Amino acid sequence: MTKLQQTLYQFFGFTSFKKGQEDIIRSILSGKDTIAMLPTGGGKSLCYQLPGYMLDGMVLIVSPLLSLMEDQVQQLKVRGEKRAAALNSMLSRQERQFVLEHIHRYKFLYLSPEALRSPYVLEKLKSVPISLFVIDEAHCISEWGHDFRPDYSKLGQLRKKLGHPPVLALTATATKDTLQDVMNLLELQHAERHLNSVNRPNIALRVENAADTAEKINRVIQLVENLQGPGIVYCPTRKWAEELAGEIKSKTSSRADFYHGGMESGDRILIQQQFIHNQLDVICCTNAFGMGVDKPDIRYVIHFHLPQTAEAFMQEIGRAGRDGKPSVSILLRAPGDFELQEQIIQMESVTDEEIANVIRVLEETEERDERRLRDVLMQYGVGETQARMMIHLFMQGKTSVELIKREISYRMELKLEKMRRVSFLLQRDGCLRQSMLTYFDESYEPDDGNLPCCSHCGFDLSLYEQKGERSKKAPLDSWSSELQRIFSLQTVGELN
DNA sequence: CGTGTAGCCCGTAAGGGCTACACGGTGCATTACT
């Protein structure tokens, strides 16, 4: 038994690695920067937790969502690891202070890119040896770092300030371009790459055309009524998520609810937990839902609209069938879909006047507190996301209307191009799986003829319909959900 | 593009009807502290 296997057994109770894990871990242990792509549910957290036990010093994990950090810390604690914490806004001032003052005690510290903006946090982190700098869901760097969450684009610089620890960038879905972007922004020129296929052979792909929205709604109701659940319906807007959930509730026997970014965080957690514990059959949501939803038995994912990118599409359908059992993805198309998404992307555009206002405020004020600046700018009618993006560009030295405008138009054009491509991929003639994999620079060799492939290759949708009686539904009372929650946490802890 | 709504007009009053225009999706953070 090697040292690696011993450690695996000692801390995780496993006797063997999942596909891809060992290579990634060996790369980390040899001190190299590593970029790893593992399919969803492929055991990504083990790839940094195990080396964490073998290396001296702290493992710092940058994570995009509070809920992901909390889940990970809880799982570590259930496994008996007390030296884990998440440093974020959910902590009280005292708790935060405690973590920072005792920072040398921690083995695994989770935080957001925004938290690393604080000079005080950075100073504290400099006082401890960091054995590994992990970026979880690393595609967020490319997806969000240029506009929505610019702090993601500063991680490369931050790493230098932290004494240049080795980096592990983890993701499940990325094209070559996205990986290149991640490497540029993180300044990882010589990283070892461990890439696995994004293909999920157990998910059959289907595209259906509808004449209009009314027909789509009818079809969704029909599908939800007949398909074996649980399932997810991805919607283009918050309003659609709410409306479809209402339609499904009133016209089918399915227990449905909605989920989007405009909800209170308590409600979001509740809905997600109910879904995970089988108290809901179907969830209608925007693209806010999904990251960190580690539910193994999702049987179908319906897209009520066009996704904005092929990467997003793969991420979203990839939430189905993590248990490896047959699952299905169905995309509904109708005229006008493309235009709606196009308009959502074009909301990001800004007028010359707005840019000029931003520049004037930035030049007039000595204040570099971004929050205060954003408040000022919002008084000029500039949206929060736009304000943040423009401040970010200004700080990078793009201090003229022309430069800022050019950059924003360029980003928007890239997004529109990605959308045109996914739209094209989903409507062209030919095998859908092959189209998607080609986009991800993969070749496709059908491995066996048993698994249904796609609506072009042909398959029988009734394979995915429920047989006989609907499965027994768990009651919606609080003590039973609490018991289920505790039970599931223990199970998760044992498995990981 | 499609939808919701603010604000205006009409007018011996209140609310209906119209036009113009904004909005649509992803999340951290939110106070000093050694």
Side-chain angles (χ1 to χ4, degrees), chain A residues 62-70 86-104 110-128 137 139-140 142-155 212-214 234-243 259-265 268 285-292 304-309 311-312 315-316 334-349 351 369-375 378 381 383-389 392 412 415 419:
Chain A
V62 175
S63 172
L65 302 180
L66 298 176
S67 59
L68 283 184
M69 300 180 210
E70 298 299 319
L87 188 68
N88 58 39
S89 60
M90 289 169 82
L91 300 184
S92 69
R93 199 181 115 195
Q94 287 81 2
E95 290 169 325
R96 179 186 168 86
Q97 193 58 27
F98 181 89
V99 172
L100 287 168
E101 272 170 14
H102 302 87
I103 197 148
H104 54 280
Y110 291 82
L111 34 66
S112 67
E114 287 83 3
L116 284 166
R117 198 162 50 191
S118 154
Y120 181 52
V121 169
L122 207 58
E123 281 313 305
K124 281 293 180 190
L125 287 173
K126 279 187 201 170
S127 72
V128 291
E137 309 286 355
H139 59 278
C140 294
S142 177
E143 190 184 330
W144 287 341
H146 299 287
D147 40 43
F148 184 54
R149 294 177 70 177
D151 289 288
Y152 255 111
S153 66
K154 300 174 187 162
L155 293 175
D212 54 27
T213 308
Y234 276 102
C235 307
T237 63
R238 295 172 177 181
K239 201 172 136 278
W240 268 115
E242 296 190 11
E243 275 184 19
Y259 182 105
H260 57 64
M263 295 159 62
E264 298 277 324
S265 78
R268 289 175 66 160
C285 57
T286 61
N287 56 357
F289 185 78
M291 248 200 285
F304 190 70
H305 69 307
L306 196 66
Q308 285 192 354
T309 66
E311 289 93 321
Q315 287 264 356
E316 286 161 3
D337 285 2
F338 185 86
E339 287 75 11
L340 173 66
Q341 292 291 46
E342 191 177 31
Q343 289 306 313
I344 288 177
I345 290 175
Q346 282 179 350
M347 275 192 318
E348 286 168 21
S349 66
T351 63
D369 179 327
E370 290 197 18
R371 195 174 64 90
R372 236 187 61 78
L373 278 174
R374 283 209 294 274
D375 287 347
M378 283 164 76
E384 198 201 341
T385 303
Q386 274 90 344
R388 194 184 320 100
M389 176 167 57
H392 175 65
M412 237 167 62
K415 288 189 184 184
M419 210 177 73

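None of these values were measured; they are calculated from a predicted model. Residue numbering restarts at 1 for every chain, and letters A, B, ... go by the order of the sequence lines.
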Calculate the interatomic distance between [X] atom [atom1] and [N] atom [atom2]; express it in whole Å.
| X | N | atom1 | atom2 | answer |
| --- | --- | --- | --- | --- |
| A:Glu114 | B:dT30 | CD | C1' | 12 Å |
| A:Glu70 | B:dG27 | CD | C1' | 15 Å |
| A:Glu137 | B:dG27 | CD | C1' | 14 Å |
| A:Phe148 | B:dA29 | CZ | P | 13 Å |
| A:Met263 | B:dT26 | CE | P | 11 Å |
| A:Glu264 | B:dG27 | CD | P | 14 Å |
| A:Met90 | B:dC28 | CE | P | 9 Å |
| A:Phe338 | B:dG2 | CZ | C1' | 17 Å |

Any [X] side-chain N or O less than 4.0 Å from OP1/OP2 of [N]:
| X | N | answer |
| --- | --- | --- |
| A:Ser112 | B:dA29 | yes |
| A:Lys239 | B:dG4 | yes |
| A:Ser89 | B:dC28 | no |

Ion pair check, A:Arg238 and A:Glu242, cut-off under 4.0 Å: no
For A:His260, all residues meeting ring-ring contact (aromatic ring centres under 6.0 Å, His included), sequence neighbours excluded: A:Phe258
A:Tyr110: ring-ring contact (aromatic ring centres under 6.0 Å, His included) partners, not counting sequence neighbours: none
Protein proximity profile, nucleotides 19-24 of chain B - base contact B, sugar-phosphate-only contact S, no contact -, cut-off 4.0 Å on heavy atoms: -----B
Nearest-angstrom distance, [atom1] atom, [N] to [M]:
| N | M | atom1 | value |
| --- | --- | --- | --- |
| B:dC8 | B:dA14 | C1' | 15 Å |
| B:dG11 | B:dG15 | C1' | 11 Å |
| B:dT26 | B:dT31 | P | 25 Å |
| B:dT5 | B:dG25 | P | 14 Å |
| B:dG7 | B:dT12 | C1' | 23 Å |

Minimal non-hydrogen separation, [X] against [Y], with atom names:
| X | Y | value |
| --- | --- | --- |
| A:Trp240 | A:Thr213 | CH2-CG2, 3.4 Å |
| A:Phe289 | A:Tyr234 | O-OH, 2.8 Å |
| A:Ser349 | A:Met412 | N-SD, 3.6 Å |

Whichever of A:Glu348 and A:Leu66 has its nearest DNA chain B nucleotide further upstream toward 5': A:Glu348
5'-most by nearest nucleotide on DNA chain B - A:Asn88 or A:Leu100: A:Asn88
For a quick check of understanding: with a heavy-atom distance under 4.0 Å over all strands, which category does [X] fall into, base, sugar-phosphate or nothing?
| X | value |
| --- | --- |
| A:Ile345 | nothing |
| A:Gly336 | nothing |
| A:Pro113 | nothing |
| A:Gln341 | nothing |
| A:Gln94 | nothing |

Listed partners of A:Glu114 passing salt bridge (Lys or Arg N to Asp or Glu O under 4.0 Å), at least two apart: A:Arg149
A:Asn287 and A:Gln315: side chain donor to acceptor below 3.5 Å: no
Nucleotide pairing, DNA chain B (Watson-Crick or G-U, distances under 3.5 Å), in dot-bracket with [ ] and |: ((((((((((....))))))))))..........
Selection residues 334-344 of chain A - residue pairs positive for salt bridge (Lys or Arg N to Asp or Glu O under 4.0 Å), sequence neighbours left out: A:Lys216-A:Asp337
Parallel, tilted or perpendicular: rings of A:His104 and A:His102 (30°, 60°): tilted
Pairwise side-chain contact, A:Glu311 with A:His139, heavy-atom cut-off 4.5 Å (strictly under): no
Side chain of A:Glu339 (C-beta onward), nearest among B:dG27, B:dG25, B:dC1: B:dC1
Any N/O donor-acceptor pair, A:Arg388 side-chain to B:dG27 base, under 3.5 Å: yes
